[in-house]
Amino acid sequence: MSTAGATADPLAALGALPGVAESVESVRKSVDRVYGHRIMRRRSNAITSEAALRGARGSAALAGADWALEEVRRRTDFSGDDEARTVGAALRLTAEAGQLLSIWRQSPLRVLARLHLVAAADEADQVGRPRQEGEVVDEPLVGLPLPSAAEAHGRLEGLAGLIIAGGTAPALVTAAVVHGELLALRPFTSHNGLVARTAERIVLIGSGLDPKSVCAAEMGHAELGRAAYLEALDGYVSGTPDGMAAWIAHCGRAVELGARESTAVCEALQRGAA
């Protein structure tokens, strides 16, 4: 992560980049629209469950397993092939995210290790810990140069320090930086994209922006498309103010699309109850 100038709160400094305040406000309005819907007052659990399913489906699509929503909904066995295992991993991560909120602010590295363990779902030596020098990373959809294991470890520690310290940065900014940094570093030998998007979800929930987890950013990222996702990630990795602002705005649009999707689910439930 690179920020313009050294400050005590570099995440807050990113919030001051041109256009970021507008993205933050637009996201807030979209989220408030969902939470203000009458159905949310009576059936919020149903909206949360549906958002989790759609978010998992979107995250899996970005990882190369672009299944129809109804296929994800009806399947019970996710062990058949690589795509099925990817969808299964995304579903497990979405279910796990809500269980880790109390740990995240005190020990984000512990949470990330747990997410990788859940995603990989095996006992291999590389699972549940950051990669070591010389270990191969299986992340074919992210073609950026791979930082060394030493650099990845150092930057992970720095990111964890920022999260533990807290600060005044808007939730969207923190979520976008966590997401972008994990994609840039690819700290694990596999499943980094799935883990990064789940970590973004955890920040959005734990910050209070989306406490019921009904604005599935993963679905929004998938709707915006893999090409736009990777282009925005290039901006993050560049470390320039414009690039960082573009990545934050992209993440903001993803949250807005997730909010729009849940608003549509609310409307559908309302029509069914009428």
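Residues: numbered from 1 along the sequence shown. Worth saying up front: this structure is predicted, and the values here are computed from it rather than measured.
- Distance alone, capped at 3.5 Å, is enough to place a donor-acceptor pair between the T86 side chain and the D82 backbone.
- Remark: K212 NZ to S262 OG distance equals 12.5 Å, nearest 0.5 Å.
- Residue pairs meeting the ring-ring contact (aromatic ring centres under 6.0 Å, His included) criterion with at least one member in residues 128-156, sequence neighbours excluded, do not occur.
- The distance from atom CG of L112 to atom CG of L156, rounded to the nearest 0.5 Å, is 6.5 Å.
- For the pair L172 and V203, the minimum side-chain heavy-atom distance is 4.5 Å or more.
- Residues meeting the side chain to side chain contact (heavy atoms under 4.5 Å, CB included) test with D122, sequence neighbours left out: A120, A124, V127.
- Applying the salt bridge (Lys or Arg N to Asp or Glu O under 4.0 Å) test to residues at least two apart or on different chains, none of the pairs has a partner in residues 227-240.
- Qualifying side chain to side chain contact (heavy atoms under 4.5 Å, CB included) partners for L209, counting only residues two or more places apart in sequence or in other chains: V27, R28, V31, A171, L204, S207.
- With E218 as reference, R201 is the one residue of R197, R54, R201, R57 to meet the salt bridge (Lys or Arg N to Asp or Glu O under 4.0 Å) rule.
- At least one side-chain heavy atom of P108 sits less than 4.5 Å from a side-chain heavy atom of I164.
- For E50 and R43, the salt-bridge test fails: no basic side-chain N is under 4.0 Å from an acidic carboxylate O.
- Rounding to the nearest 0.5 Å gives a distance of 6.0 Å between SG of C266 and CE of M40.
- Pairs passing the ring-ring contact (aromatic ring centres under 6.0 Å, His included) check and including a residue from residues 81-101, sequence neighbours excluded, do not occur.
- Remark: R38 pairs with no residue by the salt bridge (charged side-chain N to carboxylate O under 4.0 Å, His left out) rule, at least two apart or across chains.
- With a 4.5 Å cut-off on side-chain heavy atoms, V34 and D210 do not count as touching.
- Ion pairing between R75 and E71 holds under the 4.0 Å rule for side-chain N and carboxylate O.
- Cluster membership for L230 and L146, using ILVMFWY side-chain heavy atoms within less than 4.5 angstrom, is not shared.
- Here the CG-CG distance, from L162 to D9, works out to 7.5 Å after rounding to the nearest 0.5 Å.
- Hydrophobic clustering of Ile, Leu, Val, Met, Phe, Trp and Tyr side chains at less than 4.5 Å, counting indirect connections, keeps L224 apart from W247.
- Under a hydrophobic clustering in which Ile, Leu, Val, Met, Phe, Trp and Tyr are joined whenever their side-chain heavy atoms come within less than 4.5 Å, directly or via other members, V214 and L53 fall into different clusters.
- L101 has its side chain within reach of I205: a pair of non-hydrogen atoms, C-beta onward, lies under 4.5 Å apart.
- Checked by atom type, the side-chain pair Q126/H116 shows no donor-acceptor distance below 3.5 Å.
- Expressed to the nearest 0.5 Å, how far NE2 of H179 lies from CD1 of I248 amounts to 13.0 Å.
- Pairs of residues two or more places apart, or lying in two chains, that qualify as salt bridge (Lys or Arg N to Asp or Glu O under 4.0 Å) and include a residue from residues 94-116 are E96-R114.
- At a threshold of 4.5 Å between side-chain heavy atoms, the hydrophobic network of Ile, Leu, Val, Met, Phe, Trp and Tyr places L183 and M219 in two separate groups.
- Without hydrogens or angle criteria, S107 side chain to L109 main chain gives no donor-acceptor distance under 3.5 Å.
- Annotation: ring-ring contact (aromatic ring centres under 6.0 Å, His included) contacts involving residues 58-109, sequence neighbours excluded, are absent.
- When side chains are defined from C-beta on, E256 does not count as touching S23, because their heavy atoms never get closer than 4.5 Å.
- Across all non-hydrogen atoms, the minimal contact from S213 to Y35 is N-OH, 3.8 Å.
- Salt-bridge formation is not detected for the pair E181/R186: no Lys NZ or Arg NE/NH1/NH2 atom is positioned less than 4.0 Å from an Asp or Glu carboxylate oxygen.
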Hey, can you pull the donor-acceptor pairs under 3.5 Å for the side chains in residues 136-144, sequence neighbours left out?
residue : atom : partner : partner atom : Å
E139    : OE1  : H191    : N            : 3.4
E139    : OE1  : N192    : N            : 2.8
E139    : OE1  : N192    : ND2          : 3.2
E139    : OE2  : G193    : N            : 3.2

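- Side-chain contact check for E22 versus E25: every heavy-atom pair is 4.5 Å or farther apart.
- Between the side chain of R92 and the backbone N or O of V118, at least one donor-acceptor pair lies under 3.5 Å.
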| request: Would you sort out whether E83 and V87 count as a side chain to side chain contact (heavy atoms under 4.5 Å, CB included), showing the intermediate values? | output: CA-CA 6 Å; E83 285 198 5; V87 175; 5.6 Å; no
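- Residues forming a salt bridge (charged side-chain N to carboxylate O under 4.0 Å, His left out) with D81 (at least two apart in sequence, or on another chain): none.
- The pair R129-E135 meets the salt-bridge criterion, with a side-chain N (NZ, NE, NH1 or NH2) lying under 4.0 Å from an Asp/Glu carboxylate O.
- At least one donor-acceptor pair under 3.5 Å links the side chain of S238 to the backbone N or O of G235.
- Cluster membership for L69 and L257, using ILVMFWY side-chain heavy atoms within less than 4.5 angstrom, is not shared.
- Atom CE of M244 is separated from atom CG of L14 by 4.5 Å, given to the nearest 0.5 angstrom.
- S79 meets the side chain to side chain contact (heavy atoms under 4.5 Å, CB included) test with D77; sequence neighbours excluded.
- Scanning for side chain to side chain contact (heavy atoms under 4.5 Å, CB included) contacts around S148 gives E133, A150, E151, with sequence neighbours left out.
- Using a 4.5 Å heavy-atom cutoff, the side chains of Q106 and I103 are not in contact.
- Ion pair D32/K29 not flagged as a salt bridge, since none of the NZ, NE, NH1 or NH2 atoms sits closer than 4.0 Å to an Asp/Glu carboxylate oxygen.
- A donor-acceptor pair under 3.5 Å links the side-chain atoms of T198 to the main chain of L194, judged by distance alone.
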